[in-house]
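Just the heavy atoms: all of them, side chains too, but no hydrogens, waters or symmetry mates, feed the values below.
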Amino acid sequence: MKAMKYASDIFGDIAFRKINADKRYGKINKPLYDAVSVNLAKLSMEECEKLRMKKEVLLGKYKQLLSDKKFVDIITNGTAAINNVEGRYKAISKIFQEVLADD
């Protein structure tokens, strides 16, 4: 429940959605849902709260990640491949950790 609460608080209506070719957010993307929710669940309440407080910074990094062709490919094609699962988990974890480390 913690992960869903913070996903909603931080990402709002764009939670778990990738950016389409027309630069609009599309339907919920299951691999993105998986990567974001699992990474939020692994964080402490304090870390989640820090992400919420720095949500503008996090959203900037998130939007940048969603514009990265390699990342979009791993949440779109061959989503069950081990390398793609690990890749998306690591990419989301990286942006979370960057925001948490930025004091």
Side-chain angles (χ1 to χ4, degrees):
M1 292 302 269
K2 171 189 78 172
M4 296 304 106
K5 175 199 179 317
Y6 281 102
S8 176
D9 289 352
I10 295 166
F11 299 102
D13 291 341
I14 66 167
F16 320 124
R17 299 172 192 276
K18 66 182 187 175
I19 301 172
N20 293 329
D22 62 1
K23 303 294 182 201
R24 300 179 73 174
Y25 289 92
K27 299 184 295 182
I28 290 176
N29 177 276
K30 291 176 188 176
L32 191 55
Y33 166 86
D34 180 46
V36 171
S37 59
V38 167
N39 274 287
L40 283 172
K42 289 181 176 181
L43 298 176
S44 69
M45 292 292 281
E46 293 78 19
E47 290 169 321
C48 287
E49 190 59 27
K50 186 173 181 181
L51 289 179
R52 189 183 67 76
M53 298 300 291
K54 295 178 140 194
K55 82 180 199 174
E56 294 307 319
V57 174
L58 179 56
L59 288 174
K61 290 180 179 292
Y62 184 69
K63 290 175 184 177
Q64 188 175 30
L65 183 60
L66 292 176
S67 297
D68 179 89
K69 291 180 194 291
K70 183 178 177 188
F71 183 75
V72 171
D73 188 53
I74 67 173
I75 63 169
T76 306
N77 302 308
T79 58
I82 297 295
N83 288 344
N84 288 349
V85 174
E86 290 173 349
R88 66 178 174 255
Y89 275 53
K90 286 178 184 176
I92 294 295
S93 177
K94 181 178 181 230
I95 64 170
F96 286 1
Q97 293 306 316
E98 286 172 356
V99 173
L100 291 171
D102 182 29
D103 286 327

Least distance between heavy atoms, [X] atom then [Y] atom:
X   : Y   : result
A3  : A41 : CB-N, 3.8 Å
L43 : C48 : CB-SG, 3.8 Å
G26 : N20 : CA-ND2, 3.3 Å
I19 : K63 : CD1-O, 4.3 Å
K61 : V99 : CD-CG2, 3.7 Å
I75 : P31 : O-CG, 3.7 Å

Between [atom1] on residue [X] and [atom2] on residue [Y], distance to nearest 0.5 Å:
X    : Y   : atom1 : atom2 : answer
S44  : K2  : OG    : NZ    : 6.5 Å
M4   : M1  : CE    : CE    : 9.0 Å
K30  : S37 : NZ    : OG    : 13.0 Å
L59  : Q64 : CG    : CD    : 12.5 Å
F16  : Y25 : CZ    : OH    : 13.5 Å
L100 : L51 : CG    : CG    : 4.5 Å

E98 and K94 ion-paired at < 4.0 Å: yes

Hphob cluster co-occupancy, [X] + [Y], side-chain heavy atoms under 4.5 angstrom:
X   : Y   : answer
F96 : M45 : yes
F71 : Y89 : no
V36 : I14 : yes
I95 : V85 : no
V72 : Y33 : no

Is any side-chain heavy atom of [Y] closer than 4.5 Å to one of [X]?
X   : Y   : answer
I92 : L65 : yes
L32 : Y62 : yes
K42 : V38 : yes
T79 : D34 : no

D13 atom CG, neighbour heavy-atom count above 12 within 6.0 Å: no

Crowding at CE, M53 (>12 non-hydrogen neighbours, <6.0 Å): no

Distance-only side-chain donor-acceptor flag, T76 / K18, under 3.5 Å: yes

Under 3.5 Å: donor-acceptor pair, side chain of N39, backbone of A35: yes

Matching residue for Y6 among K55, E49, E47 - test: side chain to side chain donor-acceptor pair (under 3.5 Å): E49

